[in-house]
Amino acid sequence: MEALLCKRLGDPTSSFESPIELSRNHPIPELDSPTAVRVKVNATSLNYGTYLQIQGKYQEKHPLPFIPGSDYAGIVDAVGPSVSKFKVGDYVCAFVPVGSYATFIVQDQSQLFEVPKGCDLVAAAGLPIAFVTSHLTLVHRANLTSSQVLLVLGAAGGVGLAAVQIGKICCAVVIAVARGAEKVQLLKSLGVDHVVDLMNQNVTASVKEFLKSRNLKGVDVLYDPVGGNLAKETMKLLSWGAQILVIGFASGEIPIIPTNIILVKNWTVHGFYWGSYIIHQPAVLEDSVRELFSWMEKGLITVHVSYTYSLSEANLAFSAIKDRKAMGKVMIVFDDKGNASSKL
């Protein structure tokens, strides 16, 4: 089978001594337990965390060599003798710490989620991390309601686009921050109430003007996958009792939130790490995935895929992430049929 191997740590976008290498004759993994399931991968997602992982900058380290890749979707190829939840031919999606950048992958049945028949598997592969992250943080952790103002940073990225769509489903007032006219136009098409273009607008001034026009006191929920100076600046916009959702640090800088300000403002700070939910609250994950697929079937959410690549083009795929070209998801697709954007 084909598999992408990370043989040393480094920048996967580099054309000189790349840390990633395509193996075309990698062994197909065997079922390793009675409840194991082997999946033929149809599509797998690129996430910023994977880009950091290959560079050795992610919080979880893996011994070299390893096959990168996290969320994916595909078709069940083989099942162990004690598997009761799935059969050969079923559509499934899942998250793994590493391993999805390969033609086949093996996981225990307890870690797989059923994908409704008829669902585009490219879209399904883009759902587990981006949409589950946004769903659990906004709905399960922040309890976002229609009376609240949600501010989404990095709003045109994978988790950002998921957050603004879920924010609208919750009937919140949604403010999105992005960079560039094309990204602004996409966000407006999703019904966002106000969009700040960092190319030519000051985020504080723009948001304050919008809040004043709606007679709103401030931002109730800050969704932050960016960190850095942008996070520090937008904290000035938060209301008393606001909630901060710490999603990631795409800027490369981890912001420091003074605890005395948290105390005086009665803020709540939520950290969110997808992987730990598999260990501590797997049922919550399963419920989230089920509800998200229900929303997809109803047309309430769309997984926007801006770029698809083959496994041999992984360096180009990572460049789209690194250079902030992507709007929504960047995907590696096996048996690519040329889809440029995907939805159920």
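Because the structure is predicted, anything quoted here is derived from the model rather than measured.
Proximity of a side-chain donor or acceptor of D220 to a complementary backbone N or O of V149 within less than 3.5 Å is detected. D287 contributes no side-chain N or O that, together with a main-chain N or O of V284, makes up a donor-acceptor pair within less than 3.5 Å. A side-chain donor-acceptor contact under 3.5 Å links K61 to the backbone of G56. Formation of a donor-acceptor pair under 3.5 Å by the Y101 side chain with backbone atoms of S45 is found in this model. Between the side chain of Q55 and the backbone N or O of Y51, at least one donor-acceptor pair lies under 3.5 Å. Proximity of a side-chain donor or acceptor of S319 to a complementary backbone N or O of N315 within less than 3.5 Å is detected. No donor-acceptor pair closer than 3.5 Å links the side chain of S70 to the backbone N or O of F95. In terms of modelled atom types and a separation under 3.5 Å, the side chain of D193 and the main chain of I175 share no donor-acceptor contact. With Q201 contributing its side chain and S206 its backbone, the two residues share no donor-acceptor pair below 3.5 Å. In this structure a side-chain-to-backbone donor-acceptor pair under 3.5 Å is present from Q165 to T302.
Side-chain N/O atoms of H26 and T103 include no donor and acceptor closer than 3.5 Å.
The distance from the CG atom of L292 to the CD atom of E297 is 11.5 Å, given to the nearest 0.5 Å. Separation of atoms CG (L245) and CG (L136) is listed at 11.0 Å; rounding is to 0.5 Å. Atom CH2 of residue W240 and atom CG of residue L238 lie 13.5 Å apart, to the nearest 0.5 angstrom. The OH atom of Y72 sits 13.5 Å away from atom NZ of K40, with the distance rounded to the nearest 0.5 Å. Atom-to-atom distance recorded for C93:SG and I129:CD1 is 11.0 Å, nearest 0.5 angstrom. Between D120 atom CG and N42 atom CG the span is 8.0 Å, to the nearest 0.5 Å.
Residue L22 is not grouped with residue V98 when hydrophobic side chains (ILVMFWY) are merged at heavy-atom distances under 4.5 angstrom, including chains of intermediate members. Follow the hydrophobic side-chain contacts under 4.5 Å out from L4 and you reach L52 in the same cluster. The cluster map of Ile, Leu, Val, Met, Phe, Trp and Tyr, joined by side-chain heavy atoms under 4.5 Å apart, puts I166 and L186 in the same cluster. Grouping the Ile, Leu, Val, Met, Phe, Trp and Tyr side chains by contacts below 4.5 angstrom, directly or via other members, places L222 apart from V192. Note on F272: it does not cluster hydrophobically with I254, by side-chain heavy-atom contacts below 4.5 Å among ILVMFWY residues.
Counting heavy atoms from C-beta outward, L230 and L198 have side chains that approach closer than 4.5 Å. Within the 4.5 Å cutoff, side-chain heavy atoms of I67 are placed close to those of L5. Looking at D90 and E114, their side chains never come closer than 4.5 Å, going by heavy atoms from C-beta outward. Residues S33 and D108 form a side-chain contact, since some pair of their non-hydrogen atoms from C-beta on lies under 4.5 Å apart. Side-chain contact check for V303 versus K329: some heavy-atom pair is nearer than 4.5 Å. When side chains are defined from C-beta on, K325 does not count as touching V330, because their heavy atoms never get closer than 4.5 Å. V92 has its side chain out of reach of V37: every pair of non-hydrogen atoms, C-beta onward, lies at least 4.5 Å apart. Within the 4.5 Å cutoff, side-chain heavy atoms of I257 are placed close to those of M235.
Within 6.0 Å of NZ on K117 lie more than 12 heavy atoms contributed by other residues, nucleotides or ligands. The neighbour count for Q59 CD, taken as heavy atoms of other residues, nucleotides or ligands under 6.0 Å away, is above 12. Environment of CD in E182: sparse, with no more than 12 heavy atoms of neighbouring residues, nucleotides or ligands closer than 6.0 Å. Other residues, nucleotides and ligands contribute over 12 non-hydrogen atoms within 6.0 Å of the NZ atom of K232.
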Verdict with reasoning, F318 to T50, per side chain to side chain contact (heavy atoms under 4.5 Å, CB included): CA-CA 9 Å; F318 281 112; T50 305; 4.1 Å; yes
Steps toward side chain to side chain contact (heavy atoms under 4.5 Å, CB included) verdict (L190, K168): CA-CA 9 Å; L190 295 174; K168 293 306 297 181; over 6 Å; no
Derivation and outcome, side chain to side chain contact (heavy atoms under 4.5 Å, CB included), residues M199 and V184: CA-CA 10 Å; M199 291 285 286; V184 168; over 6 Å; no
Chi angles and distances behind the side chain to side chain contact (heavy atoms under 4.5 Å, CB included) call for V196, H194: CA-CA 7 Å; V196 181; H194 181 67; 3.9 Å; yes
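Aromatic ring pairs are classed by plane angle as parallel below 30°, tilted from 30° to 60° and perpendicular above 60°; the pair Y277 and H140 is perpendicular.
Shortest non-hydrogen contact noted between A73 and L121 is CB-O, 3.4 Å. Of all the heavy atoms in I105 and V41, the pair that sits closest is CG2-CG2, 3.8 Å. Smallest separation of non-hydrogen atoms from Y91 and C119: CE2-O, 3.9 Å. Summarising the geometry of Y307 relative to A320, their closest heavy-atom pair is CD1-CB, 4.1 Å, with the distance given to 0.1 Å. Shown here for L144 and V221, the closest heavy-atom pair between the two residues is CD1-CG2, 3.9 Å. Heavy atoms only, all atoms of each residue included: S276 and Y273 are closest at OG-O, 2.9 Å.
M331 pairs with exactly one of T44, D71, V122, L46 by the side chain to side chain contact (heavy atoms under 4.5 Å, CB included) rule, that one being V122.
Looking at D197 and K183, no side-chain N of the basic residue comes within less than 4.0 Å of a carboxylate O on the acidic one, giving no salt bridge.
Within the structure, side-chain hydrogen bond (donor to acceptor under 3.5 Å, both in side chains) pairs that include any residue of residues 128-139 comprise S134-Y223, H135-S288, H135-E291 (at least two apart or interchain).
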Scan the side chains in residues 261-271 for donor-acceptor partners under 3.5 Å anywhere in the protein, sequence neighbours excluded, and list what turns up.
{"unit_1": "W267", "atom_1": "NE1", "unit_2": "S239", "atom_2": "O", "d": "3.0"}
{"unit_1": "H270", "atom_1": "NE2", "unit_2": "Q243", "atom_2": "OE1", "d": "2.7"}

Compile the donor-acceptor pairs under 3.5 Å between side chains in residues 152-163 and protein atoms, sequence neighbours left out, one pair per line.
none

